[in-house]
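To start, the structure under review is shown below, and the notes come after it.
From a predicted model like this one, the values you see are computed outputs, not experimental measurements. Atoms within each ligand, like the ligands themselves, are counted from 1 in listed order. Hydrogens, waters and symmetry mates play no part in the numbers below; they use all other heavy atoms, side chains included.
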Amino acid sequence: MQGYRAQLLRFDAQGQALFESDGLLVTSPGVDGVQRVVDAGPHAAVAARHPDLPVTHWPGRIIAPGFIDLHVHYPQTDIIGAPADGLLPWLANYTFPAESRFADPAHAAEVAAFFFDELARHGVTTALTFATSHPASVDAFFTEASQRGLRMISGKVLQDRHSPEGVRDETGQSLVDTEALIQRWHGKGRLGYAITPRFAPTCSDAQLRGAGELAAKYPDTWIQSHVAENRDEVRWVHELFPQSRSYLSVYEDFGLLRPRAIYAHCIHFDGEDRALMHASGAAAAVSPTSNLFLGSGFFDFGAAQAANMLHGLASDVGGGTSFSPFHTMLAAYYVGRESMGKAGLSLSPAQLWFQHTGGAARALGLDGVVGTLQPGTEADFVVLNPAATPLLARKSAQANSLDELLFGLIVLGDDRVVERSVTA
Ligand code: GUN
Ligand code: ZN
């Protein structure tokens, strides 16, 4: 057993923030070797329950759940900030050429290692990430994640049409490769597989149908894709799938809406789409820095809450502009003002933080596993320095409430705040 003493931020099952100004987190390895939280709370009370506990003390620091990135593309690490008129030219001019390089296993391994270093520097301990259409990109990702003992989810991108040579795959082989990768990686240690149709325009009916069949055969795998991100994309989907009621219903028609299905963006939705998300148990990955950068639009937080639609925050690097959860939470706050401001509301700092930790875990079906630092959960946590910059030091010293402290970090924070990421 090991104790960690500092200020302590946790969340309860309802998403309420719990905070101790002098807290103690106690962890212990399970039979699988994974460190889990066994006790947490005020230092005096928790320490009394564990008399001979070795304790690491971080005065002035905050222990908080590791951040969860609900949608990111590790192979797009090198194209952050690539300008384009919008999604479709951005894919054609930057994304597909960059992803074609992942046919080379050495390139994939080098980028995967850099990507995990970046996640750790930014306090992200779990991510649902796209690889590329090349199986080698998935092997590189999981090999590196496994060596680092991380809880990570990824999958081979399926894209058998409307894609250039170099990233386009072949329908039958793509499904054979997907099933082999599920068997190789899903459930190995803390790794999970996500069936990954890129988006409806680049997948044939046969490929989507095959993906849906695998999703039914392996019900505890994840599904990840994109939906209703950009107006040109939505128009294209209506042309390609005239029989489907909406872009989202295309995925429903192929058996790709279920718990553990995570759809990036969900911007150009109507009420029926949100009701369908809720009824199916699928979740939205909200990527405000990407949506602002690519001019895609504004996720409607108010409507998502009203529809009880699962959602959480995501960087969407490389459409997204930053790996930093602080940057993503701030962008989400701005966007939330737009949609919720009509009702005179805005997202609170604790809500934003929850959407990037415990709320994202819930969207993944991993509540009780990561994201809250509740007893029994895996001990992936960050150690934050609320005085990491001169301005933050002034701001944090003047905070009169948890909301004020968290807001200062969200508005002024970045990787300088993250002193360490500790993974179970
Ligand atoms: N839609 C299909 N592929 C992509 C991608 O790589 N990034 C984003 N943002 N949207 C997509
Ligand atoms: Zn994406």
Could you please compute the angle at the Zn ion (ligand 2) from NE2 of His71 to OD1 of Asp316, rounded to 10°?
->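 Vertex the Zn ion (ligand 2), arms to OD1 of Asp316 and NE2 of His71: 90°.
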Which N, O or S atom of His226 lies nearest to the Zn ion (ligand 2), by name |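 The His226 atom nearest to the Zn ion (ligand 2), restricting to N, O or S, is NE2.
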Any N, O or S atom of His73 closer than 2.8 Å to the Zn ion (ligand 2) |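 So His73 counts as coordinating the Zn ion (ligand 2), yes.
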Numbered atoms of ligand 1 (with element) below 4.0 Å of Leu87, judged on heavy atoms =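 With Leu87 as reference, the close atoms of ligand 1 come out as 8 (C), 10 (N), 11 (C).
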When the ring planes of Phe130 and His73 are compared, do they come out parallel, tilted or perpendicular, using 30° and 60° as the limits?
->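 Aromatic pair Phe130/His73 classed tilted.
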Tell me if a side-chain donor or acceptor on [X] pairs with a main-chain N or O of [Y] at a distance below 3.5 Å.
{"X": "Ser163", "Y": "Arg161", "value": "yes"}
{"X": "Arg168", "Y": "Asp160", "value": "no"}
{"X": "Thr126", "Y": "Arg151", "value": "yes"}

Taking only Lys NZ, Arg NE, NH1 and NH2, and the carboxylate oxygens of Asp or Glu, determine whether Asp32 and Arg190 approach each other closer than 4.0 Å.
->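 Salt bridge between Asp32 and Arg190, a charged N being under 4.0 Å from a carboxylate O: no.
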State plainly whether the residues Glu144 and Arg148 are in salt-bridge range, i.e. N to O under 4.0 Å.
->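 Looking at Glu144 and Arg148, the cut-off is met.
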Please set out all donor-acceptor pairs under 3.5 angstrom arising from side-chain atoms of residues 300-312, sequence neighbours excluded.
{"unit_1": "Asp300", "atom_1": "OD1", "unit_2": "Gly302", "atom_2": "N", "d": "3.2"}
{"unit_1": "Asp300", "atom_1": "OD1", "unit_2": "Ala303", "atom_2": "N", "d": "2.9"}
{"unit_1": "His311", "atom_1": "ND1", "unit_2": "Met309", "atom_2": "O", "d": "2.8"}

Could you tell me the residue and atom name of the protein heavy atom closest to [atom], and the distance to it rounded to 0.1 Å?
{"atom": "atom 10 (N) of ligand 1", "result": "Glu229 OE1, 2.7 Å"}
{"atom": "atom 6 (O) of ligand 1", "result": "Arg198 NH2, 2.7 Å"}
{"atom": "atom 7 (N) of ligand 1", "result": "Trp90 CZ3, 3.4 Å"}

For Gln76, is the nearest heavy atom under 4.0 Å from an atom of ligand 1?
->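 Flag set, Gln76 near ligand 1.
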With atom 4 (C) of ligand 1 as the reference point, say which of His265, His226, Glu99 has the nearest heavy atom.
->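 Nearest option to atom 4 (C) of ligand 1, by heavy atoms: His226.
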